[in-house]
Visitor: 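Have a look at the structure that comes next, please.
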Amino acid sequence: MQNQHLPPLGAELSPEERAELGSLEPLVARLAASESAPPSATDTARLVAQLRPLVAGRATPLPAPPAVGVGQWLRLARAQLWLVGHGFWWASAGVLLLGLAVGLLASGGALAVAFVLLAPLLAAGCVAYAFRPATRTMWELEQAAPVSLLELLYVRLAMVLLWNLALASLLLTLIAVQEPRLLLWRLLLLWLGPLLGLTGVALFATVRWGGLAGALLPLGLWALGMGLGWQYLAERLAVEAQFLDGLLALLLSSDTLLASALAALVAGLVLLVQSGRLVGGIMRDA
Amino acid sequence: MVLSVHNLSKHYGPQAALHGVSLSAGVGITALLGPNGSGKSTLLRLLATVAPLDGGSISFGGREYATAMQQVRATLGYLPQHLELPGDLTPRRLLRYLASLKNLANIRQTEELLTALGLVQLADRQLDRLSGGELRRVGLAQALLGNPRLLLLDEPLVGLDVAERQQVLWRLRQHATGAVVLFSSHVAQEAEALASQVLVLRAGGIIASGSVGELCAQAGHVSEVCIAAAAVEETMQRCVVSRVAREENQATLRIVGPLPPGLLGTPVPPTLEDAYLALQR
């Protein structure tokens, strides 16, 4: 390899500096004539071997994954608000409050009880909405993030459940105060059982078969339950003068309803855990 | 900080999307160049951990993906090829949401990225009201959240106008001084403008790799030939032509490879586009 295009040395120097340095021509000629063989494979390998420990010593280790703590979970939960939008939460609160107002104004506590008992559908709807496959890109970006999908899933679920639980507890307390014959714990269980049952079905179906199944399956189950329950109620309440008063009496006394609510609650919890395991499996496969 | 891929394979049903892909990329910008369907996006999706591998291994910074997935995810940024995002979100809300997934408590970086990519005026506009180029910049901003050391960009310059392109190129060059950046493109000029290393893919495999200069040297003989405009079609069928410039009755063709008999041309230095066409031949 020969250096053929060296620029004239000292061209940018002042005359005084050039005089001080003396003639550079012999140096230029020597540099121009110098030859060096291209490095052989052995030379390259030796150089790489010498550099490797230096490079390894300077390498910056990857940062540790973010620690999951209460602060991170709260940040994640707050971020869901940006994703879902405030309107969604206001709408769900509005539906319940409207029902309560209608119930209280129209026929006292009974209609309100009926309305609040329909609230599990609202929760199931919330879950189906929160876990809808928003877009493929969003799914990919969430998957590529250091937060695991399982954590994300439980944060969303906890938010939906807590929100509905808070609203319904408030309404059920008001109803229990207005109608002293109703026991609050009984009313809560009758509400919480179907809520968790339908939520579990919605979540499991969404994770297992997709968003459409997650929305349709709990709705179908609820419709089936209402259909069967209507027949049961019609037989039991045939002699009652007022249907809603009869419903209230049934809620106060029926152990079958209470046992069904308890069974739904247990089934819901099992399905929630199974959904988590399913997501964990999906993550491991990915 | 090195990204190492060894013998990677991926199938979609019986179709092999990638087979036997091995590469190594250090700090700086590496371009994945190839035609549509050559496996660029699949490779980036595997590197971004959003699709499972069928075979092979990947490591980054000395950590294997298989055993340190969350650690790798904490340090990567990814821009998918198609951005299908919820239309009712705004750029600011999207960035804040994704920043929370990356455990970035400080929202200052979100605002800095909105500013750096010229998105401040659009920050609170719904995503479904943004143009393709604006949406692309939002996608790039989310990929840059957390200053990722491994930045994977699938067609980052698609849909950008000249000014947007310059803005993005400047930002990527700045980021690449301390990170491994891989981007895909099927436009050789983009790779030539941005990348220090280029990997050429075809049918799910890497067919050439090296610096822009090294790949240009593989183009072989490149000539510019002046012919009658009427003969352009016939010449293009006989030769690999990388560029055609028509002027009234004449045309200047840039021909990659040896000239067919009867044509006289002037040798010109090859570009990456010439080399790319020669390799894809």
Side-chain angles (χ1 to χ4, degrees), chain A residues 48 51-52 55-88 129-130 132-153 155-156 280-286, chain B residues 1-2 26-27 45-53 59-63 68-90 92-105 107 127 135 139 142-143 145-150 152 154 178:
Chain A
V48 168
L51 288 175
R52 189 165 283 141
V55 172
R58 293 186 59 177
T60 323
L62 287 185
V68 179
V70 176
Q72 162 70 352
W73 279 64
L74 288 177
R75 264 197 299 279
L76 272 180
R78 192 182 60 178
Q80 304 308 312
L81 294 176
W82 293 320
L83 189 64
V84 176
H86 297 87
F88 174 77
Y129 182 86
R132 75 198 188 285
T135 60
R136 179 182 158 180
T137 304
M138 208 62 180
W139 162 253
E140 286 194 347
L141 296 179
E142 285 168 351
Q143 205 176 3
V147 170
S148 76
L149 291 178
L150 189 61
E151 289 168 282
L152 206 53
L153 185 146
V155 164
R156 288 179 182 176
I282 292 169
M283 284 164 52
R284 276 193 298 278
D285 290 345
Chain B
M1 198 63 56
V2 175
V27 170
R45 293 185 76 235
L46 298 185
L47 295 175
T49 75
V50 299
L53 328 174
S59 70
F60 179 63
R63 305 301 299 264
M69 183 77 84
Q70 294 307 99
Q71 200 169 356
V72 171
R73 281 174 171 164
T75 193
L76 76 79
Y78 172 52
L79 170 67
Q81 184 180 16
H82 302 292
L83 283 176
E84 299 166 21
L85 294 163
D88 53 348
L89 272 183
T90 65
R92 180 173 278 127
R93 271 167 51 189
L94 175 75
L95 291 190
R96 287 189 180 178
Y97 173 66
L98 294 172
S100 77
L101 296 190
K102 292 187 172 185
N103 202 13
L104 303 174
I107 63 166
L127 292 176
L135 201 57
Q142 67 77 26
L145 277 170
N147 288 320
R149 294 188 192 180
L150 176 58
L152 306 164
D154 203 346

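Residue numbers start from 1 in every chain, and the chains themselves are labelled A, B, ... in the order their sequence lines are given, proteins ahead of strands.
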Visitor: Listed by chain and number, what are the side-chain contact (heavy atoms from CB on, under 4.5 Å) partners of A:A145, not counting sequence neighbours?
Guide: B:L101

Visitor: Are A:R78 and B:S100 close enough that some pair of their side-chain heavy atoms sits under 4.5 Å apart?
Guide: no

Visitor: Could you tell me which non-hydrogen atom of B:V50 sits nearest to which non-hydrogen atom of A:E140, and how far apart they are?
Guide: CG1-O, 3.3 Å

Visitor: Got a sec, which residues hit side-chain contact (heavy atoms from CB on, under 4.5 Å) with A:T137, two or more places apart in sequence or on another chain?
Guide: A:T135, A:L141, B:P80, B:L83, B:E84, B:L85

Visitor: Chain A heavy atoms under 4.5 Å from B:L94: which part of the residue, side chain, backbone, both or neither?
Guide: side chain

Visitor: Among B:R92, B:R96, B:H82, which residue forms the greatest number of heavy-atom pairs with chain A at distances under 4.5 Å?
Guide: B:R96

Visitor: Does any backbone or side-chain atom of B:Q81 lie under 4.5 Å from a heavy atom of chain A? Answer side chain, backbone, both or neither.
Guide: neither

Visitor: Need one label for B:R45: side chain, backbone, both or neither, based on atoms under 4.5 Å from any heavy atom in chain A.
Guide: side chain

